Amino acid sequence: MKYVVSVLVQNQPGVLARIAGLFSRRGFNIESLAVGMTDKSEVSRMTIAVDGDDHIIEQVTKQLNKLVDVIKVNVLTANESVQRELALFKVHVTASTRPEVMQMVDIFRAKIVDVTRNALVVELTGDDNKIKAMEDLLRQFGIKEMVRTGLIAIERGSKIMKSNKEE
Amino acid sequence: MRITGAEAVVQIFQHYGVDLIFGYPGGAILPLYDALRDSTIKHVLVRQEQNAAHAASGYARVTGRTGVCIATSGPGATNLITGIATAYMDSIPMVVITGQVPLSAIGRDFFQEVDIIGATFGLTKHNYWVKKATDIPRILAEAFHIASTGRPGPVLIDLPKDVACETIEYAGLPEVEIKSYQPTYQGHPKQVKRIVQAVKESARPVICAGGGVISSDAAEELRALAERCQIPVATTLMGIGAFPKDHPLSIGMLGFHGTVYSNLAVDNADLIFILGARAGDRAVRQIEEFGRKARVVHIDVDPAEIGKNVNVTVPIVGDLKTVLQDILKNVAPREDTGWLATIAAWKKEKARAYSQDGPLKPQYVLEQLSAVTTPDTIIATDVGQHQMWTGAYYCTKKPRTFLTSGGMGTMGYGLPAAIGAQLGKPETAVVLVTGDGSFQMNMPELATLVQEQLPVKIIVLNNNALGMVRELQMHFHDSRYYQVHMRGNPDFVKLADAYGIPAQRVSEKTAVRKILQTMMGTPGPMLIEFIVDVEENVVPPTRKSLHPFEGEIV
Ligand SMILES: Cc1ncc(C[n+]2csc(CCOP(=O)(O)OP(=O)(O)O)c2C)c(N)n1
């Protein structure tokens, strides 16, 4: 099963390596990992998608919590959170296929962000299923390149993620 | 006060009462050595950096304080790694400082540049790369705080040479405030109640005490609980000393190399306490089965340990001493209803034994050693059969008197750990029990021993073999012995003589007691080489499986 783990960390040098290292050392498989700053400059937020069972996820959470730089760890379920990813596709086009690709972009509510004579760059936001669906459809025209940001996620509702280590 | 970064390091050392540092110098750490020269802190020069860490560990274990070791960049730092990992696996409080090439040179594969931070992410409780000298007071203070609180462990600080030379305004010891690091000490009162209730309902309770009992100084509370509720106590290898082995409720060591009766007790219990232990693979014979018939109470300061290896009925996160005190405030005396008699019968029936026939038996030497030492005597071991026999046949009575590499099983740990221990407890007798294999790993530290004029006693149980590995080949590879018989061993007596250490060789049973008495009565160091039976096994070959139940002797 796929789990999404949100981690607030102190923005210290090496913190990314420390967390990535923990995953590989304990044999936890990372599917994707996205990192960025938060509204507080000293705090970064990571969203890590992990494949595993309940026991693994419990260990992931506990081991992450042990790291001195980790402020808070939350496991997010699909129902209780909004999960998004951004993908960019560089698609091969010809004069004849271009309208068809543009139509698909419309249907998926994606965006064309770069146009040249024989390529389009398509920007798509969505969850994993949507990105995979688009990828499948674009494949017939020839995907020259693609890149995904990895999942980011936030809990629904007004609850916020804050440290429980400080009382 | 205007001082250099290196001087600030020394200032913080002094604030934390550091009086002893183990280390080995080199280019990148020279600013720190220069600052240390003018301080009152004693520096002990070892012969290889790994042993600086082991010595700091021995010092930390016997004193309960944080051990400190330092080394230069590159090879100095990489040599430290085994020592750091050994301390990490055994949860020993330690602060390690490595020199680093100047910041301006980092990332260019400068002479003696190595990424020690990256290399030790998984081997330290935390590590720091110092990028500006003004951070030094905070980082040093945090390092001491982190190393010694919660579940203790080593913290490494990588200090670039130019940063150590920078001048800063030093305003005294900064207050430590790490929002993201707040260990839990107080156990949850609801869980404490559940434990009290579980004790009341139990007919066959047993306690498994680990190294956590020792590091949280909870041996007294453990004993009070065991006595009040009549609970037999087994220890893990790391827990040796947490409970007096000659106590009527003691059932010895648990697990693969443990006593048959402690394993029987755990297997038949209806309530198992795991106190400050990992319940690791060496201690728990079949992890899935452990406690299937029993309720399991696990108390540990590290939440990640709970439920990691065994299923737990009542988890409780907190400092062991504090939690045990809470339990003791609430738990009523419990009367035994026959469980202790059952255990006593097992103890008799499945008692350890070994044959005295043939060449001198190592077990005999250790029994005799028990007879000539005091409860305060500190024993350091190396790794192998002799380690397990020391655990089994030496009667440890007090916490912090049995030093061994439990988690890593690092051969070579013993001598430097004994040196650190002797420096930490100058008035107490320290005895190293080692094997001919392990001793040769870190033997050059004999020079450190002489240099510091330490009266450490050394027992080499020489079977001219990597005995433990030979035994494994016997059990699991049809006795197809390979690369386990040592050729080219030195004459250990002459070797000791080369260092000016008096030494003797003994191979007769009748001479054992007397030579041990002589050794303990010698004011300085002494080495005794015992030529012991190479065929002796920890787990007898007659045992049908390696299941501790089926053998008669362990
Ligand atoms: C550094 C290291 N290398 C290898 C091992 C594997 N190993 C475990 S016990 C042992 C043999 C130890 O021999 P010795 O010190 O002579 O003790 P004995 O078992 O003979 O009592 C070995 C090689 C180890 N634990 N540590």
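All values derive from a computational prediction rather than experimental measurement. In what follows, chains carry the letters A, B, and so on, assigned in the order in which the sequence lines appear, proteins first and then strands, with residues in each chain numbered from 1.
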Subject >> Option in A:His55, A:Arg25, A:Glu58, A:Arg26 with maximal non-hydrogen atom pairs under 4.5 Å from chain B >> reply: A:Arg25
**OP:** Would you mind telling me which of B:Ile178, B:Ile117, B:Thr184, B:Asp302 has the largest number of heavy-atom pairs within less than 4.5 Å of chain A?
**Re:** B:Asp302
**OP:** Might you point out which heavy atoms bring A:Gly14 and B:Phe121 nearest each other, and give the distance in Å?
**Re:** O-CZ, 3.6 Å
Original post:
Closest heavy-atom contact between B:Ala304 and A:Gln59?
Top reply: O-NE2, 3.2 Å
Do other residues, nucleotides or ligands put more than 12 heavy atoms under 6.0 Å from [X] [atom1]?
X        : atom1 : result
A:Glu123 : CD    : yes
A:Lys90  : NZ    : no
A:Ile154 : CD1   : no
A:Met146 : CE    : yes
A:Leu151 : CG    : yes

**OP:** Could you tell me whether the side chain of B:Lys179 and the main chain of A:Gln10 form a donor-acceptor pair under 3.5 Å?
**Re:** no
Original post:
Mind checking whether B:His126 and A:Arg18 have side chains closer than 4.5 Å, heavy atoms only?
Top reply: yes
**OP:** Run through A:Val70, A:Asn65, A:Ile71 and flag the one making a side chain to side chain contact (heavy atoms under 4.5 Å, CB included) with B:Ser180.
**Re:** A:Ile71
Subject >> Gap between atom CZ of B:Arg151 and atom NZ of A:Lys66 - 0.5 Å precision >> reply: 4.5 Å
